[in-house]
Number of protein chains: 2
Amino acid sequence: MAVQTVATTTDSADTVDLGPASALACRECGERFALGPIFACEACFGPLEVAYDLPSGDPEDLRKRIESGPENIWRYAPLLPVPADVASKPNLNPGFTKLVQADNLARELGVTGGLWVKDDSGNPTHSFKDRVVAQAIEAARAFGFTTLSCSSTGNLAGAVGAAAARAGFRSCVFIPHDLEQGKVVMAAVYGGELVGIEGNYDDVNRFCSELIGDPAGEGWGFVNVNLRPYYAEGSKTLAYEICEQLGWRLPDQIVIPIASGSQLTKIDKGLQELVKLGLVEDRPYKIFGAQAEGCSPVSAAFKAGHDVVRPQKPDTIAKSLAIGNPADGPYVLDICRRTGGAVEDVTDEEIVDAIKLLARTEGIFTETAGGTTLGVARKLIEAGVIDPSLTTVVVNTGDGLKTLDAVAPTTGMSAVIRPNLDSFREAGLA
Amino acid sequence: MAVQTVATTTDSADTVDLGPASALACRECGERFALGPIFACEACFGPLEVAYDLPSGDPEDLRKRIESGPENIWRYAPLLPVPADVASKPNLNPGFTKLVQADNLARELGVTGGLWVKDDSGNPTHSFKDRVVAQAIEAARAFGFTTLSCSSTGNLAGAVGAAAARAGFRSCVFIPHDLEQGKVVMAAVYGGELVGIEGNYDDVNRFCSELIGDPAGEGWGFVNVNLRPYYAEGSKTLAYEICEQLGWRLPDQIVIPIASGSQLTKIDKGLQELVKLGLVEDRPYKIFGAQAEGCSPVSAAFKAGHDVVRPQKPDTIAKSLAIGNPADGPYVLDICRRTGGAVEDVTDEEIVDAIKLLARTEGIFTETAGGTTLGVARKLIEAGVIDPSLTTVVVNTGDGLKTLDAVAPTTGMSAVIRPNLDSFREAGLA
């Protein structure tokens with residue numbers, strides 16, 4: 001791995017303009033590196049993340065600047081690793097999705113303090129992945145990459161294909177060769193290269209790591225590998241938007257799905273930044289992590305009081321969360337414990353129930369990841385772990401149209417009748 | 001039909017608050033009726049549409065009022081048949097979708113005057129139907145209906161189910177019993193009644209008309225029948241948004257799909273209103289209508305120079321446009337001729353090509369209706385009918401995730417390889 005941590009382009013912090021991003025810093029040992037397409041610390045192999053020179057000055061000025069910005073993530077450009085003129089470049093402009101006040105759902109769950117669903121199904125390719133890919137695209141431009149790539153089992157492939165098409169990059173995305181046809185179509189329609197790998201997702205990942213180290217991969221930005229530090233920052237925008245949409249205040253409780261755990265850690269980072277910048281009042285908040293029982297390594301560690309996460313072999317319908325060895329697991333444990341939150345998991349049946357609950361109460365059709373998050377929220381409310389008298393936000397990261405199979409077996413017509421009133425009455429529908 | 005045109009509730013214009021809506025007026029003879037759940041003129045059986053007392057006063061004040069409103073269709077509440085406090089009621093808040101400046105697409109098509117795609121796939125259930133259903137919901141509230149209904153073959157069923165769930169209505173939606181499972185799931189997941197009718201879409205429609213006249217249908221609002229005059233007004237918001245997003249100016253040319261033709265006529269109505277209100281400068285614009293060759297009754301009439309539209313039996317992959325006897329066909333002909341536009345049609349193959357073109361150039365995955373609209377735009381540009389030196393807007397009404405079958409046969413992986421670099425090189429991908 002060591003060879004891959006060294007920047008291979010001639011770019012340095014002097015020539016790279018990624019706005020307020022000042023360096024990459026190791027999350028383990030704190031060592032700093034110039035901005036570049038690297039992702040692991042040369043000193044200790046810890047993961048790198050973006051460090052910033054955040055804006056100083058009157059918070060009120062910054063707030064006004066944000067509020068007068070575009071209705072997408074680029075309103076937060078002063079807090080992201082992107083150049084100041086990012087909004088003028090061709091990209092999909094995701095974000096500023098609806099924060100839905102879920103009063104019907106709150107009534108069903110007995111929540112009295114206010115319940116909101118942050119609905120990222122409204123993004124261009126209908127998942128939160130558009131947020132992170134948008135950051136990777138800007139990093140790729142800065143580093144002079146001309147091809148965008150990733151390993152994926154679904155959502156990410158489409159998000160990369162779409163964003164690359166609009167931004168003028170070549171794309172070459174790697175997937176397991178036996179993916180369902182629907183997912184292949186969603187990823188391939190944008191016209192980039194879509195390459196099936198004979199093997200499982202781990203094989204795909206391993207191949208991508210090989211490719212990064214090979215001349216064949218030169219000029220390639222892998223959004224979730226060598227561009228990962230930038231890519232991951234996109235999830236901070238969920239925190240910014242939630243607080244702004246709540247009227248510039250922190251929620252008391254927030255429930256977030258866990259795949260690699262990156263999203264949860266970045267939402268926490270975003271909340272902390274808003275406090276530091278004086279954009280929201282500093283008050284306690286609790287972060288809760290959601291997993292499927294069939295892939296619950298972080299939940300298991302949380303319950304057992306462990307600091308390390310023991311890998312699992314995933315077996316759940318929540319495929320977009322099925323990462324058995326989540327890279328950010330330990331950080332998630334730390335955040336949930338530090339804030340007084342928790343990590344919990346639900347069964348596949350509870351996931352499907354929660355998908356239907358959200359659709360029936362709020363007209364939002366979420367995918368299995370969203371069902372997992374709401375299912376965990378419900379379980380923790382019932383257990384008294386989430387306080388129903390406090391403000392609660394549930395993050396919905398995706399769209400039910402992409403996981404129809406999960407609900408199909410138990411969702412169908414109420415009745416089939418002949419086209420006349422007698423038949424209608426017989427069916428008891430009048 | 002006559003019996004159904006009379007309001008059966010006790011509501012009258014005195015008690016019904018639908019904001020600036022003052023009456024229903026017959027589009028044929030001009031006869032006016034009090035606001036109520038009626039849709040055909042008692043005098044001549046012509047279709048009814050909403051008449052308004054539109055705001056008077058300084059256009060600049062109205063423009064500011066709109067701009068400070070919510071980021072959805074309710075910013076235009078002063079121009080819609082809804083009460084002034086509509087934004088505070090539970091609904092899906094569709095609209096204010098992206099107007100995407102499509103520079104890549106423009107280059108491919110040789111458009112130099114500016115090309116935009118109005119992308120309604122960003123609506124809550126990913127089609128423009130959310131706009132029209134949102135109006136029907138407010139009319140249903142005003143008239144005291146407690147059940148929402150419609151006949152549908154897809155998009156509308158989901159839009160009604162979702163909106164009813166959130167707004168607290170019972171819903172009962174009728175579909176042909178042999179609809180594809182995916183579409184059934186999308187419509188049924190919101191928990192309302194979904195009833196399959198043994199028969200085709202015409203049988204479903206006929207049954208709904210029977211039900212409206214029967215005691216069993218009392219208290220039922222059929223969004224596209226007895227609430228149709230209100231429902232249809234929702235499409236005006238596409239015109240408002242396009243002009244506002246262009247900086248409060250009319251586009252020179254706009255390309256719109258034709259199913260019943262209602263959307264096209266209401267976009268024209270919306271543009272006219274903006275001119276009357278002084279919100280945009282009065283200058284000529286041209287409206288172009290798009291159909292699939294396999295269901296092109298309006299296009300055929302346009303080309304033949306006829307004023308009447310001869311019904312066709314639909315046979316096209318653009319199923320959401322497959323209305324063989326479009327109710328607003330004659331009005332569409334009138335508008336396209338009056339503005340100097342045209343109506344054109346494209347083959348199923350051209351529809352698929354256009355879907356891929358839009359995905360490849362702008363990262364927008366549209367359904368077959370959007371492919372039809374862009375396909376027609378391309379054909380008319382190539383024919384010199386649409387002027388490439390003028391501002392052009394193409395309306396994308398829906399989402400490709402709902403019509404995967406259309407592109408699946410010709411969209412797939414570029415290659416399948418073994419997980420190693422040799423195999424990658426052999427495939428010629430490096």
Side-chain angles (χ1 to χ4, degrees), chain A residues 71 90 92-93 98 103-104 122 124 126 162-163 165-166 168 172 177 181-182 184-186 188-191 193-199 203-204 206-207 210-211 214 216 355-356 359-363 365 400-402 404 407-408 411-421 424-425 429-430, chain B residues 71 90 92-93 98 103-104 122 124 126 162-163 165-166 168 172 177 181-182 184-186 188-191 193-199 203-204 206-207 210-211 214 216 355-356 359-363 365 400-402 404 407-408 411-421 424-425 429-430:
Chain A
E71 298 291 325
L92 292 178
N93 300 327
K98 291 182 198 298
D103 289 346
N104 298 331
H126 307 318
R166 169 119 175 114
C172 185
H177 72 117
Q181 196 204 19
V184 171
V185 172
M186 288 181 218
V189 73
Y190 302 102
E193 307 284 355
L194 183 72
V195 179
I197 297 282
E198 288 175 4
D203 295 318
V204 178
R206 197 176 42 72
F207 169 73
E210 248 188 281
L211 189 51
D214 189 87
I355 291 174
K356 292 182 182 177
R360 177 168 59 76
T361 54
E362 302 298 341
F365 183 22
L401 292 184
K402 296 190 184 180
L404 286 176
V407 290
T411 306
M413 290 184 248
S414 326
V416 174
I417 64 171
R418 294 181 304 283
N420 62 58
L421 291 167
F424 179 71
R425 289 200 183 87
L429 294 160
Chain B
E71 298 292 325
L92 292 179
N93 300 327
K98 291 181 198 298
D103 289 346
N104 298 331
H126 307 320
R166 169 119 174 114
C172 186
H177 72 117
Q181 197 204 19
V184 171
V185 172
M186 288 180 216
V189 73
Y190 302 102
E193 308 283 354
L194 184 72
V195 180
I197 298 280
E198 289 175 1
D203 295 317
V204 178
R206 198 176 41 74
F207 170 73
E210 248 188 280
L211 189 52
D214 189 88
I355 291 174
K356 292 183 182 177
R360 176 168 60 75
T361 53
E362 302 298 340
F365 183 21
L401 292 183
K402 296 190 183 180
L404 286 177
V407 290
T411 307
M413 291 183 248
S414 326
V416 174
I417 64 171
R418 292 182 306 283
N420 62 58
L421 290 168
F424 178 72
R425 288 198 184 86
L429 293 160

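Each chain gets a letter, A, B and so on, in the order the sequences are listed, and its residues count up from 1.
Here the closest non-hydrogen pair linking A:G363 and B:A165 is N-CB, 4.1 Å. Closest of all the heavy-atom pairs between B:L401 and A:H126 is CD1-CD2, 3.6 Å. For the pair A:K98 and B:N93, the tightest heavy-atom approach, listed with the atom from each and the gap, is NZ-O, 2.5 Å. Looking at every heavy atom in both residues, B:G412 comes nearest to A:V184 through CA-CG1, 3.9 Å. What you find for B:F207 and A:L421 is that their closest heavy atoms are CE1-N, 3.9 Å.
Taking the side chain as every heavy atom from C-beta outward, A:I197 and B:I417 approach each other to under 4.5 Å. Annotation: side chain of A:D214 is not in contact with side chain of B:F424 (no heavy-atom distance under 4.5 Å).
Per-residue heavy-atom pair counts under 4.5 Å with chain A were compared for B:P90, B:G196, B:A188, and the maximum is reached by B:G196. The candidate from A:L211, A:D203, A:V204 with the greatest count of non-hydrogen atom pairs under 4.5 Å with chain B is A:L211. Top candidate by heavy-atom pairs under 4.5 Å with chain B, chosen from A:N104, A:L404, A:V189, A:T411, is A:V189.
In this structure, chain B has heavy atoms under 4.5 Å from both the backbone and the side chain of A:A408. Heavy-atom distances place the side chain of A:Q181, and not its backbone, under 4.5 Å from chain B.
Put simply, CG on B:N420 and CD on A:E198 are 9.5 Å apart, with the number rounded to the nearest 0.5 Å.
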